[in-house]
Amino acid sequence: MPASLSIEQARKLVLHSQKLPPASVSGTALSATLTAIQHLSYIQIDTISVIQRAHHHTLWNRNPRYKPSHLEQLLAQKQVFEYWSHAAAYLPMQHYRFSLIRKNAIACGEQNHWYKRDEKMIKHVLERITAEGPLMAKDFEHKGPKIAVWGSKPAKQALEYLFMQGDLMIPKRQNFHKVYDLTERVLPNDINTTPPTPSEHAHFLIKRFLLANGLGQLSEIPYLLKQIKPLLSKALEEMLENNELISLEIKSVDEKNQYFALPESLALLEKPLARSKLKILSPFDNLLIQRKRMVALFDFDYQIECYVPQQKRQYGYFVLPILWRGRFAARIDCKADRKTGTLLIHRIFIEPWLKDTEAFIDAFQAELKNFMKFNQCHEITLSNSAASTLQNRKSAH
């Protein structure tokens, strides 16, 4: 018989597991950043810089002492590495062997890469890096036709192929451009390079997902991974039989699928949640990345609209969700104008459930000051629309 949680308990379990809002952590700021990455299992990398890039933003929300230089330091110390999760990501080096499943599949042709394989160029690129040391895509001359906006030159495609199949790693970036080197020159000597068995991999995915997310369904655990659901289903049955997992029923969730959790995670329900702390999240935050999950558990339908045609956008190009009192309370459309050092708040959208507008505004203003500093701005400007939204909601309640 599955255990039963209220929707409020389920949300609390998810937020504690996601380390949101963050609790005070002892040790250095750098070690707190590493702990966050190791706990979450990945931090998505993104190029959009309307505000601080997503990987910095996500980590700052777990570690208020976070600095963008931390990722450079952790890469240099070989504590983290770049590879693919459901997207490009920073991963804990201690999980390296689990990246070999995808790498080996691409290397032997079982899994397709998004570029056509050019053996001659791959050989040329590998020979140059072997002889010359770390190189970037710009170090390879392109004499062919002009590359389309979304295309890339043959050498760049070869570099990415070698990276995805495990021959190359990225020891650092320069001005956000990848620097590639031989894996044997980047990987720590003591790292385990034994490929996991399919069963090991399935158990790893389940444990890491549930540790970072509190609870989950079979359909959520292999997010954007192909042909692995049968393995996960078998592993879930084994883990339930061995009491490594518990089955959960969430009240008020229409979805009939079974939820799972690690037994030890339920202790988090005894821990108070810092409900009054407000956090402005990245669209690529680990908490938000699965849209159906957020609708089911938080009654919050969020879609990043930078990939949506302008005329079809409901909220804006890069709108940020706001977490408060254990729920998503609002969204803001904002931009860091780095030339003037101004954080521009274009529009604010308040969720219908929010009634205590005055308390929300107080919490929002307090966090906005922190968010301004994080984005290296020294002042905040609210548009007439944003100011009017706050004033009208305050007057209405």
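No hydrogens, no waters, no symmetry mates; every other heavy atom, side chains included, goes into these values.
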Are more than 12 heavy atoms from other residues, nucleotides or ligands located less than 6.0 Å from atom [atom1] of [X]?
X: Gln94; atom1: CD; answer: yes
X: Gln227; atom1: CD; answer: no
X: Asp299; atom1: CG; answer: no
X: Asn242; atom1: CG; answer: yes
X: Gln310; atom1: CD; answer: no

Same cluster or not: [X] versus [Y], using hydrophobic residues (I, L, V, M, F, W, Y) connected whenever any side-chain heavy atoms lie under 4.5 Å apart?
X: Leu20; Y: Leu354; value: yes
X: Tyr302; Y: Ile348; value: yes
X: Phe349; Y: Phe328; value: no
X: Ile48; Y: Leu343; value: yes
X: Leu30; Y: Tyr66; value: yes

Quick check: do [X] and [Y] have side-chain heavy atoms less than 4.5 Å from each other?
X: Thr381; Y: Asp337; value: no
X: Val125; Y: Tyr180; value: no
X: His177; Y: Lys138; value: no
X: Lys19; Y: Thr35; value: no
X: Ser385; Y: His346; value: no
X: Glu244; Y: Lys207; value: yes
X: His203; Y: Glu238; value: yes
X: Leu159; Y: Phe140; value: yes

Any chance you could measure [X], atom [atom1], to [Y], atom [atom2], to the nearest 0.5 Å?
X: Ile51; Y: Phe318; atom1: CD1; atom2: CZ; answer: 5.5 Å
X: Ser265; Y: Leu215; atom1: OG; atom2: CG; answer: 9.0 Å
X: Thr33; Y: Leu71; atom1: OG1; atom2: CG; answer: 7.5 Å
X: His56; Y: Ser69; atom1: NE2; atom2: OG; answer: 9.0 Å
X: Ser6; Y: Glu249; atom1: OG; atom2: CD; answer: 12.0 Å
X: Lys116; Y: Tyr161; atom1: NZ; atom2: OH; answer: 11.0 Å

Do you know which two heavy atoms are closest between [X] and [Y], and how far apart they sit?
X: Ser247; Y: Gln258; answer: OG-NE2, 2.6 Å
X: Ile289; Y: His86; answer: CG1-NE2, 3.4 Å
X: Ser41; Y: Leu91; answer: O-CD2, 3.4 Å
X: Gly27; Y: Ser31; answer: C-OG, 3.8 Å
X: Ile280; Y: Asn61; answer: O-ND2, 2.9 Å
X: Pro283; Y: Leu288; answer: O-CB, 4.3 Å

Main-chain N/O of [Y] paired to [X] side chain as donor or acceptor, under 3.5 Å:
X: Ser99; Y: Tyr96; value: yes
X: Arg128; Y: Asp139; value: yes
X: Arg97; Y: Thr194; value: yes
X: Arg11; Y: Leu297; value: yes
X: His16; Y: Lys12; value: no
X: Asn375; Y: Cys377; value: no
X: Gln174; Y: Val179; value: no
X: Asp333; Y: Tyr317; value: no
X: Gln290; Y: Glu220; value: yes
X: Arg62; Y: Ile37; value: no

Do [Y] and [X] meet the salt-bridge criterion of a basic N to acidic O distance under 4.0 Å?
X: Lys156; Y: Glu160; result: yes
X: Asp356; Y: Arg325; result: yes
X: Glu127; Y: Lys123; result: yes

Task: Test side-chain contact (heavy atoms from CB on, under 4.5 Å) applied to Phe298 and Val14, step by step - done: CA-CA 10 Å; Phe298 286 87; Val14 169; 4.0 Å; yes
Open item on the list: Under a plain distance cut-off of 3.5 Å, with no hydrogens placed, do Gln38 and His95 share a side-chain donor-acceptor pair?
Closed with: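 No - no donor-acceptor pair under 3.5 Å links their side chains.
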Open item on the list: When you compare the side chains of Tyr90 and Gln79, does any donor N or O come within less than 3.5 Å of an acceptor on the partner?
Closed with: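 Judged by distance alone, the side chains do not pair up.
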Open item on the list: Determine whether Ser17 and Asn213 satisfy the following criterion, side-chain contact (heavy atoms from CB on, under 4.5 Å), listing intermediate values before the conclusion.
Closed with: CA-CA 5 Å; Ser17 299; Asn213 293 282; 5.7 Å; no
Open item on the list: Could you go through His57 and Phe371, starting from their C-alpha distance and side-chain angles, then the distance that decides it, and tell me whether this counts as ring pair (Phe, Tyr, Trp, His ring centres under 6.0 Å)?
Closed with: CA-CA 9 Å; His57 190 173; Phe371 191 65; 5.3 Å; yes
Task: Hydrophobic cluster of Phe204, others only, ordered by chain and residue number, side-chain cut-off 4.5 Å - done: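 In the cluster with Phe204 are Phe98, Leu205, Ile206, Phe209, Leu210, Leu211, Leu218, Ile221, Leu225, Ile228, Leu231, Leu232, Leu236, Met239, Leu240, Leu245, Phe260, Leu262.
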Open item on the list: Could you walk me through whether Leu269 and Leu5 satisfy the side-chain contact (heavy atoms from CB on, under 4.5 Å) test, starting with their C-alpha distance in whole Å, then the side-chain angles of each, then the deciding distance to 0.1 Å, before giving a yes or no?
Closed with: CA-CA 10 Å; Leu269 294 173; Leu5 296 181; 3.8 Å; yes
Could you tabulate the donor-acceptor pairs under 3.5 Å formed by side-chain atoms of residues 164-173, not counting sequence neighbours?
unit_1: Gln165; atom_1: OE1; unit_2: Arg117; atom_2: NH1; d: 3.0
unit_1: Gln165; atom_1: OE1; unit_2: Arg117; atom_2: NH2; d: 3.3
unit_1: Gln165; atom_1: NE2; unit_2: Asp167; atom_2: OD2; d: 2.6
unit_1: Arg173; atom_1: NE; unit_2: Glu82; atom_2: OE2; d: 2.7
unit_1: Arg173; atom_1: NH1; unit_2: Phe176; atom_2: O; d: 2.9
unit_1: Arg173; atom_1: NH2; unit_2: Glu82; atom_2: OE1; d: 3.0

Open item on the list: Would Lys103 and Trp84 count as a cation-pi pair here, with the cationic atom under 6.0 angstrom from the ring centre and within 45° of the axis?
Closed with: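 Ring-cation test returns no.
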Task: side-chain contact (heavy atoms from CB on, under 4.5 Å) between Met294 and Leu287, intermediate numbers included - done: CA-CA 8 Å; Met294 287 300 96; Leu287 173 65; 4.0 Å; yes
